[in-house]
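These notes are about the structure you will find just below.
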Amino acid sequence: MKQTMAGERILVVDDEASCLRIIDKVLTEEGYLVKSTLSPKDALEIVRRERFDLLLTDIVMPGINGLELLRMVRRIYPGITITVITGYAAPDTIISCLREGVQAFIAKPFTTQELKTELRRVLEKRHLSNRKGR
Amino acid sequence: MERQFNILIVDDDVALSSNLQDVLEGEGYGAVAVYDGQAALSLCRDKVFDLALIDIKLPGITGVKLIEALATLSPGTEYIIITGYASLETAIEAVKQKNIAAYETKPFNMNRLLPLVRQIAERRRVEEALRASEKKFSTSVETLLDGFAIFSAIRDETGHIVDFRYDYINEAGCRLNHRSYEEQIGHTLLELLPKHKDIGLFDEYVRLVETGQPLVRESILYEDVFGGGQRLARAFDFRAVKLGDGFAVDWRDITERKRAEEALLESEKKYRSLFENMLSGFAYCKILVDENNQPIDFVYLEVNDAFERLTGLKREDVVGRKVTEAIPGTKESHPELLSIYGKVALTGEATKFDIYFEPLGIWLSIAVYSPQKGYFVAIFENITERKRAEEELKKSEERYKSLVNNVKLGIFRSTPGPTGAFLEVNPAMKEITGYSRKELLQMSVSELYVRPEAREAVLKDVASALGKVAKELHIRKKDGTSIVVSDTKVAVRDSAGKILYFDGILEDITERKQAEEELKIKAQLLGMANDSICLHDLDGKIIYVNEASYQSRGYTRDELTKLNFWTLISPEYTKLIEPRIKELMKKGKVAFESADIRKDKSIMPVEVHARTIDLGGKKLILSVRRDISERKQTEEELASAQAQAIQTDKLAALGRLAANVAHEINNPMTAILMASSFALEEIGEASPYKSELETINGEALRVRDIVKNLLDFARPSQGEIEEVDISSVVQNAMVLLGRQIEHQHIELKVDCTSQVLKVLVDKNQITQVCHNLLTNALDAMPQGGCLTISTRREKGYAVVRFTDTGAGIPPENLSRIFEPFFTTKRAAKGTGLGLSICHNIIDKYGGKIEVKSKVGKGSTFAVRLPLAANREGE
C-alpha cells in the first residue's frame with residue numbers, strides 16, 4: 001500500500017548498516033525524503049546543511065550516542081520531530097529522551113508496517129500542531 | 001475473924017456519950033460518939049454502923065428525924081432510942097420508925113444497956129451468918145450448872161405416893177427442862193415429864209422416899225417431850241436424897257459429854273487406824289541417858305505398820321528393845337542420830353531432817369518431837385525415790401543449764417512492756433547482740449531494734465497468739481552493724497490471762513537469709529532459664545524440671561514429671577542416645593544435638609548438655625536442653641536465602657546477559673524483520689517465494705518475542721505503582737484472552753468477591769501475571785475444560801485463584817515450574833520464562849504464588865498479594 005505523503009524530510013541515523021539500509025529503502029518507497037547515515041557525527045553535518053521534519057535515530061551508538069545527537073539536533077531545529085528506534089534502553093535514558101521532546105519510541109526489531117504506522121502517527125500529529133500554530 | 005460490931009452514939013450530953021463510948025469500947029465494940037445529928041449524918045456516909053444509940057432530944061435535927069434520914073443512908077442499922085423524958089407524941093413517932101431495937105430512958109442503967117447491946121450484937125451476928133449461909137446456898141444452887149429440884153410426895157387416901165409436886169427448881173433445872181420456874185412450881189412430875197413412869201424412874205423415887213436410901217444413877221438415857229413441845233433425847237447423871245416427905249434431886253445433862261466421849265472414842269479409833277495405816281513410819285521411844293545426862297541409846301515403845309514396812313523390821317523384834325540391839329550399827333554409822341533424838345527428847349524442841357540411813361541403805365526424811373520429857377516420837381518417810389528423782393532433776397537441770405549456756409541460740413525472758421526489759425539472758429545473747437549480759441539487763445528490748453516501732457507489731461502478735469510467735473527482725477548490734485534475727489516468743493500468762501513475761505529465742509539468721517536470698521535468686525534464675533533443665537535418673541524417672549522444661553514441651557509441670565524422660569526423645573534419636581549415655585557415664589559430661597517430642601507430638605530440635613551428678617549416693621543426669629528450633633529454622637532460612645540469592649544472582653546475570661544479547665540480536669533482527677516484511681509487501685500473492693519469506697518473517701517475529709520476554713524477565717519494573725483493585729486487573733486479563741477462551745470451548749466460572757481488594761502494584765505487571773497464568777491454564781486444556789477464577793480476601797491478602805481441569809503437573813515437576821527456562825510446552829509455544837516472570841513480580845510486591853496440582857485432575861495457581869490497607873498497618 002503506497003501512499004505519497006507531503007514529502008516530509010526524514011533523517012535516519014543508525015550505526016547498524018543493514019538496518020539503516022532497509023529503513024532508508026522502506027521510507028523512501030513510502031514517499032518520504034530520506035537521508036540516512038551510520039555516523040551521528042555525519043548526521044550533525046547533514047542537519048546543519050539541510051532542513052528535516054523528523055529525526056529517526058538509534059540510541060546506543062559509538063562516538064556520539066543517540067541522546068547527545070538529538071540534543072544537538074534539537075538546538076539546531078527546535079521544531080523537529082524526533083522518534084527513537086532502539087533495541088535496548090535504560091529507563092533513565094528513556095526519561096532523558098522524553099525530556100528532549102522525543103515523540104515516539106519504536107522498539108527493535110520492528111516490522112515495516114509497525115515503523116510506517118508509528119511514523120505516520122507522529123507526523124500527522126506534527127501537521128495538526130503546525131496547522132494550529134499557524 | 002469476926003467483924004467488929006460498930007456502935008454510933010449520938011447525944012448532946014458529952015459526958016454521958018464519952019462514958020458510954022469508953023464502956024462499949026471496953027466491951028470490945030467499935031464505938032464512935034458524936035454530939036449532934038449533923039455530925040452523925042456525915043459520919044454515916046463513910047461508915048456502916050450496926051447499932052446507933054440516939055438521944056431523941058438533940059439540938060438541930062431531932063432524933064426521930066435523924067433516924068429517918070439514916071434509914072436511907074444505912075438501912076441495916078438498928079437503933080436504941082435513949083430519952084430523958086418521953087412525950088406521947090415523940091413516943092408514937094419514934095415507934096413508927098423501923099429497926100428500933102429498944103427504948104431506954106435516962107438516966108439509964110449500964111447494967112441494963114450492956115446486955116441489951118450484947119443481945120443485939122449476938123442476934124445480928126447470927127442473922128448475918130444465916131444470911132451469908134442462905135446467900136451461899138442460894139448462889140450455889142442457883143448458879144449450879146446442874147439442875148436441882150425439890151419435890152414433895154402426893155399421896156392418895158390410902159397413903160400411897162401417886163405423884164410428886166415441884167416445890168423448887170433452880171435456873172439450870174429450868175433450862176434443862178426447857179420450862180420456866182412458873183411453868184413447873186406447883187405442877188407434878190408425871191404431869192410434866194410422864195416418861196418417868198414408863199422407864200421406872202418414878203418407882204425408884206417412891207422407893208427413895210419410902211426407904212430413905214439415896215439414889216445415884218449415871219448415864220441415864222431419857223427421852224420425853226420437854227418444854228415448847230420439843231421431843232428430846234438426853235443423857236443424865238443424877239443423885240436424889242430424901243427431904244421431908246419428898247426428895248431433893250440434882251442432875252447433870254451429860255448428853256454433850258457423852259457425845260464428846262463417843263466422838264473421842266471414835267476419834268481415837270480413827271487415829272489408831274491412821275496410826276496403823278499411815279504411810280509414814282512411826283516410832284515412840286524412850287531415850288536412855290548416862291550419868292552425865294548424855295543420850296546413849298533409846299528403846300522402842302511403839303511402832304506402826306509403816307515402820308515395819310519401811311524398815312523391814314518386825315514389830316516384835318523392835319518394841320521393848322534398844323536400838324543398838326534392834327538395828328545394830330546405828331550408833332556407829334549415825335552417831336548424830338542419837339544426839340538429835342536425845343536433844344529433842346530432853347529439850348522438847350522438834351526437828352526435821354533428811355538422812356541416808358546406812359544400815360538399811362535407804363533415804364529417810366525424819367520428823368522428831370517430844371510428847372513428854374525423855375521420850376520422843378520419830379515419824380519418818382522413805383524418800384529414796386524422791387531423792388533419786390531430785391538427783392535426776394538436779395542433773396537434768398545442770399544439763400539444761402549447760403545447754404542454755406552453751407547453745408548458739410540467744411535465750412531470753414523479757415517484760416511485755418512497750419519498750420520491754422530483759423529479765424534474763426543466756427551467754428549466746430551477748431554473741432548475737434554484742435552487748436554484755438549486764439548491759440542487756442539494763443537496756444530496753446526495743447533499743448536493740450533497728451526500727452523500735454516494730455516492737456508494737458511484735459507485741460500485738462504475741463499478745464493475740466496462744467502459742468509461740470516467730471518473727472524476723474532487724475536488730476542493731478553494739479558495734480552498729482545490722483543483722484537479721486529470728487525472734488520466737490511465747491507469752492507466759494497468769495491464771496487471769498495477763499501476760500507476765502515473754503520467753504523467747506533469738507537466732508542470728510543473717511547468713512541464712514543471705515543464703516536463702518541467693519538460693520531464691522538461683523531458683524529464679526533456674527526458673528527463668530530459657531533452656532529446659534531437667535534432673536532425672538538413669539531409668540528416666542524425672543526428679544526436677546524447670547519452667548522452660550514443661551512450657552517448651554507444652555506440658556504442665558505435673559504432667560511432665562509423671563512421664564519417663566526417655567519417652568520424651570524423638571524416636572529417630574533414641575538409638576543415637578545410647579552411645580551418648582555411655583559417653584556421659586564415662587566422661588561425666590557430654591554435649592550433642594537431639595530432638596524432643598512436644599505434647600502435641602511436634603518435634604523440637606534441641607542442643608543437649610548433660611552431666612552426671614551424684615545425689616545421695618545415686619547417679620543422676622542433669623540435662624540442659626536448648627530449643628534450637630529457631631536456630632534450625634534460621635539455618636534453613638539462611639540456606640534458602642542463600643539459594644535464593646544465588647538464584648537471584650543467576651537471574652541478574654542472566655538478565656544482563658539477556659539485555660546484551662537482546663540488544664545485539666535486535667539490530668540484526670530489525671534488518672531481518674524489516675527486510676522480510678518489506679519483501680513480502682513487494683512480491684505479491686503469486687510469488688513462488690512468498691511462503692519462504694513468510695517463514696523468515698514468522699520466525700523473526702518469534703525471535704523478537706523470545707527476546708522481548710527475556711528483556712521483560714530481566715528488566716525491573718518501569719511502570720507506576722498505584723492502588724488497584726485486583727478484580728479489575730483480573731477482568732482486564734480475561735478480556736485479552738476472551739477470544740481464545742471462546743475458541744477452545746472453555747467453560748469459564750468467575751467467582752469474585754464483592755469486596756474491593758486494593759493492592760499497591762504496577763497494574764501492567766499484575767496484568768501480565770494474570771495473563772500468563774490464564775494462558776497457562778488455557779494451554780493445559782487444549783481439548784476444553786473448566787476454568788475457575790476467584791478472588792478472596794484472606795488474612796490481609798488479596799488472593800486470586802486460577803483453577804483448570806487440565807492435565808495437572810506431575811509431582812516431580814512441581815518444584816521446578818518456577819525455574820527460568822523450565823517448560824513442558826511444545827518448543828514453539830513456550831519460552832520457559834512465564835512462571836519465572838510471574839514469580840519475580842509477585843515476590844517483588846511481598847506476595848506469593850502457590851500451586852496445587854493433581855495429574856489428570858488439574859491445577860490451581862493462587863496469587864497472594866498483601867492488601868494495600870494492610871500495608872499501611874491496618
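In this text, all values refer to a predicted model and were calculated from it rather than measured experimentally. Numbered from 1 within each chain, the chains take letters A, B, ... in sequence-line order.
Among the candidates B:N697, B:I665, B:L701, B:T670, the residue making the largest number of heavy-atom pairs closer than 4.5 Å to chain A is B:T670. The candidate with the highest count of non-hydrogen atom pairs below 4.5 Å against chain A, out of B:V703, B:I672, B:N667, is B:N667.
In this structure A:R126 satisfies the side-chain contact (heavy atoms from CB on, under 4.5 Å) test together with A:D53, A:T81, A:L123, A:N130, sequence neighbours excluded. Under the rule for a salt bridge (Lys or Arg N to Asp or Glu O under 4.0 Å), the partners of A:R48 that lie at least two apart in sequence or sit in another chain are A:E45.
When heavy atoms are compared at a cutoff of 4.5 Å, B:L680 does not approach chain A at all. In this structure, the portions of A:I23 lying under 4.5 Å from any heavy atom of chain B include both its backbone and its side chain.
B:K758 has no carboxylate O lying under 4.0 Å from a charged side-chain N of B:E722, or vice versa, which leaves the two without a salt bridge. The existence of a salt bridge linking B:R702 and B:E699 is confirmed by a sub-4.0 Å separation between a basic side-chain nitrogen and an acidic carboxylate oxygen.
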